[in-house]
Amino acid sequence: MTQLSRAALATLPGTARRPGHDIASVTTGIVHFGPGAFHRAHQADVIDRVLDTDSRWGIAAVSLRTPGTVDALKAQDGLYTLAVIDREPSTRIIAAHSEGVGPGEGKRLRALLADPKVRLATSTVTEKGYCLGPDGSLDIGHPDIVHDLARPAEPASVIGWIVAGLADRHAAGTPPFAMLCCDNMTGNGAKLRAACAALARTYDPGLADWIEGEVAFPDSMVDSITPASDPAFLAKVAAELGVEDRAAVQREAFTQWVLQRFDLTDGPDLATAGVTLTSDVRGYEQAKLRILNGAHSTLAYTGLALGHETVFEAMSDPALAGFVTSLVHHDIRASLPPVDGLDTEAYANAVLDRFRNPAIRHLLSQIAWDGSQKLPYRLLDTVREALDAGRPIDRLAVPVAAWIAFIRRKAQAGETITDPLADTLVAASSSVDAMLAIRQVFPERIAADPRFRDAVAKALAAFDAGKPAQLLTR
């Protein structure tokens with residue numbers, strides 16, 4: 001089968017939207033580390049729209065470890081398919097990548113980072129890719145950082161490459177590129193700045209001061225469900241388009257990129273392409289954690305108790321969907337302070353609508369993993385604020401009780417519990433008081449409050465009796 005390329009664009013069916021810009025005129029203005037599926041489905045889609053009116057912002061896709069994606073993009077002239085899977089699916093050809101840099105092409109990457117035309121560097125390498133310790137600071141003992149300290153001119157880590165590129169610009173008197181971390185870590189820009197400065201300070205304190213004072217590291221938050229590009233999906237794309245596309249990606253229709261306002265003279269107009277620029281990224285992060293993730297966990301534990309398998313199935317249960325809707329609008333939203341530019345009611349409605357997408361098969365069992373790590377931020381912060389404000393917590397107690405019931409069922413059946421505190425949870429699961437005494441999950445301020453203890457115990461009794469549906473009328 002013919003492979004996707006510029007030459008093959010003319011053969012594609014009319015259902016596939018072509019690029020809206022002259023591909024040949026695009027020049028590189030962005031270097032991106034980690035061109036995985038999420039980047040291609042999200043940031044590259046945004047930049048593709050920017051290129052329709054400004055050709056200076058082509059992306060150099062950089063993979064430091066594996067050549068597969070970069071090689072696929074090179075073979076396809078940088079083109080690939082973005083399939084939006086929703087009630088009204090759509091297909092679009094993305095032409096945002098102007099070049100690719102794979103493992104072993106360090107000299108080329110160094111030249112790109114030093115090029116004054118490159119104004120932005122971005123990254124999606126997952127949280128572990130930044131070589132940070134548990135406290136969020138640079139892990140000096142990480143093997144890649146140890147390598148970079150010994151050989152700063154030939155970095156192994158993303159941090160090392162950012163610092164090397166900035167060092168070349170500092171030495172040449174060239175203005176720095178802005179560094180945009182697009183992995184979901186709280187305060188990701190500030191953490192990345194501190195890590196880069198820490199590495200630079202080991203051999204050039206002046207460079208470290210310049211990084212801290214002159215280089216923009218805006219915080220950001222990104223969100224869009226991006227299922228894996230499995231063989232079945234790639235085969236479907238090939239059947240629909242009549243060409244082979246080894247870099248095709250899929251995502252839901254909803255997409256969000258929230259970015260802290262930063263100075264970049266004559267930079268890309270990201271706002272017109274859908275990026276939200278704000279002074280309060282933390283507020284958006286908190287809203288996502290409590291509304292989206294809190295509702296997800298509620299659907300997972302309560303839905304599993306009711307016999308559901310996926311988010312879509314759970315939201316197709318009228319009683320459960322109604323309960324989660326009430327929880328989000330009456331309990332969770334009440335805990336959120338005003339956020340610049342965010343309408344929490346509209347955001348909550350959008351989140352609930354996303355859960356009803358029949359094209360996304362999101363397993364409740366997967367969402368249920370690592371509950372001890374997730375519940376404190378997704379639900380218990382909301383509980384604490386409700387208790388402090390004197391608001392009712394009956395609905396909020398239900399997903400907490402559902403989690404305890406989930407642990408009990410797993411423990412009694414001898415099934416594996418995917419959680420770093422699994423052994424502790426199993427040992428405590430027979431007693432509400434023992435569970436609430438796990439301080440890694442329940443702060444004493446909450447656990448010692450009789451209102452919370454009683455509400456959880458009453459809800460748990462319904463789960464233990466096999467009558468969780470009784471709780472959904474709250």
Side-chain angles (χ1 to χ4, degrees), residues 1-28 30 32 35-55 57-61 68-100 124 223-257 272-275 312 350 353-354 356-362:
M1 180 178 285
T2 302
Q3 196 164 5
L4 180 63
S5 64
R6 293 188 194 181
L9 283 175
T11 70
L12 301 183
T15 53
R17 180 181 168 191
R18 273 73 161 177
H21 53 271
D22 177 10
I23 301 172
S25 69
V26 171
T27 57
T28 300
I30 301 171
H32 179 82
F38 186 80
H39 160 73
R40 302 199 309 279
H42 194 279
Q43 291 89 19
D45 176 33
V46 170
I47 298 304
D48 192 69
R49 298 170 193 276
V50 170
L51 289 170
D52 288 350
T53 57
D54 190 342
S55 63
W57 304 107
I59 303 170
T69 298
V70 168
D71 286 349
L73 289 172
K74 288 179 178 179
Q76 297 177 180
D77 297 331
L79 306 179
Y80 63 92
T81 306
L82 170 60
V84 175
I85 50 176
D86 208 304
R87 298 171 186 86
E88 297 182 5
S90 63
T91 303
R92 183 160 166 246
I93 305 301
I94 302 295
H97 295 92
S98 49
E99 52 190 305
T124 48
D223 183 21
S224 190
I225 297 173
T226 306
S229 297
D230 57 20
F233 166 69
L234 295 179
K236 181 181 178 183
V237 169
E240 289 181 358
L241 301 187
V243 295
E244 181 186 20
D245 182 353
R246 294 188 290 126
V249 291
Q250 56 182 332
R251 67 161 169 80
E252 64 174 329
F254 180 93
T255 180
Q256 185 180 42
W257 185 358
T272 61
V275 177
F312 174 70
D353 189 57
R354 292 167 69 187
R356 297 185 179 94
N357 185 348
I360 300 289
R361 182 174 170 77
H362 203 167

S.K.: Short question: side chain of S224, backbone of F254 - any donor-acceptor pair under 3.5 Å?
M.R.: yes
S.K.: Return the orientation label for the H39 and H32 ring planes: parallel under 30°, perpendicular over 60°, tilted otherwise.
M.R.: parallel
S.K.: When rounded to the nearest 0.5 angstrom, what distance separates CZ in R92 from OH in Y80?
M.R.: 8.5 Å
S.K.: May I ask you to test the T11-V243 pair for a side-chain heavy-atom distance under 4.5 Å?
M.R.: yes
S.K.: How long is the span from the OG1 atom in T81 to the CG atom in L79, to the nearest 0.5 Å?
M.R.: 8.5 Å
S.K.: Check whether S98 reaches the backbone of T27 with its side chain - one donor and one acceptor, N or O, closer than 3.5 Å.
M.R.: no
S.K.: Of the non-hydrogen atoms in R18 and L9, which two are nearest, and what is the gap between them?
M.R.: NH2-O, 3.1 Å
S.K.: Just how far is it from atom CD of E99 to atom CG of L73, taken to the nearest 0.5 Å?
M.R.: 12.0 Å
S.K.: Mind listing the closest non-hydrogen atom pair of M1 and G242 along with its distance?
M.R.: CG-O, 3.8 Å
S.K.: Donor-acceptor check, side chain of Q76 to backbone of R246, threshold 3.5 angstrom: yes or no?
M.R.: yes
S.K.: Can you name the nearest heavy-atom pair linking P227 to I360, along with the distance?
M.R.: CG-CD1, 4.0 Å
S.K.: Rounded to the nearest 0.5 Å, what separation is found between the CG atom of L241 and the OG1 atom of T2?
M.R.: 12.0 Å
S.K.: Less than 4.0 Å between a side-chain N and a carboxylate O, is that true for D48 and R17?
M.R.: no
S.K.: I'd like to know if the side chain of H42 reaches the main chain of Q256, judged simply by a donor and an acceptor atom lying under 3.5 Å from each other, with no hydrogens or angles considered.
M.R.: yes
S.K.: Please report the shortest heavy-atom distance between A61 and H97, naming the atom on each side.
M.R.: CB-CD2, 3.7 Å
S.K.: Give me the atom names and distance for the closest heavy-atom approach of P13 to E240.
M.R.: CG-O, 3.4 Å
S.K.: Any idea which heavy atoms bring V50 and A273 closest together, and the distance?
M.R.: CG2-CB, 3.8 Å
S.K.: Is there a donor-acceptor contact under 3.5 Å from the side chain of N357 to the main chain of A253?
M.R.: no
S.K.: What pairs with H362 under side-chain hydrogen bond (donor to acceptor under 3.5 Å, both in side chains), at least two apart in sequence or on another chain?
M.R.: none
S.K.: Scan for salt bridge (charged side-chain N to carboxylate O under 4.0 Å, His left out) pairs involving residues 72-88, sequence neighbours excluded, and state none if there are none.
M.R.: K74-E105, R87-D353
S.K.: Once rounded to the nearest 0.5 Å, what's the spacing between atom OG1 of T91 and atom CG of L12?
M.R.: 10.0 Å
S.K.: For the side chain of R40 and the backbone of I94, is there at least one donor-acceptor N/O pair under 3.5 Å apart?
M.R.: no
S.K.: Only one of V26, I30, T28 clears side chain to side chain contact (heavy atoms under 4.5 Å, CB included) with I59; which?
M.R.: I30
S.K.: To the nearest 0.5 Å, what is the distance between CD1 (I23) and OG (S55)?
M.R.: 12.5 Å
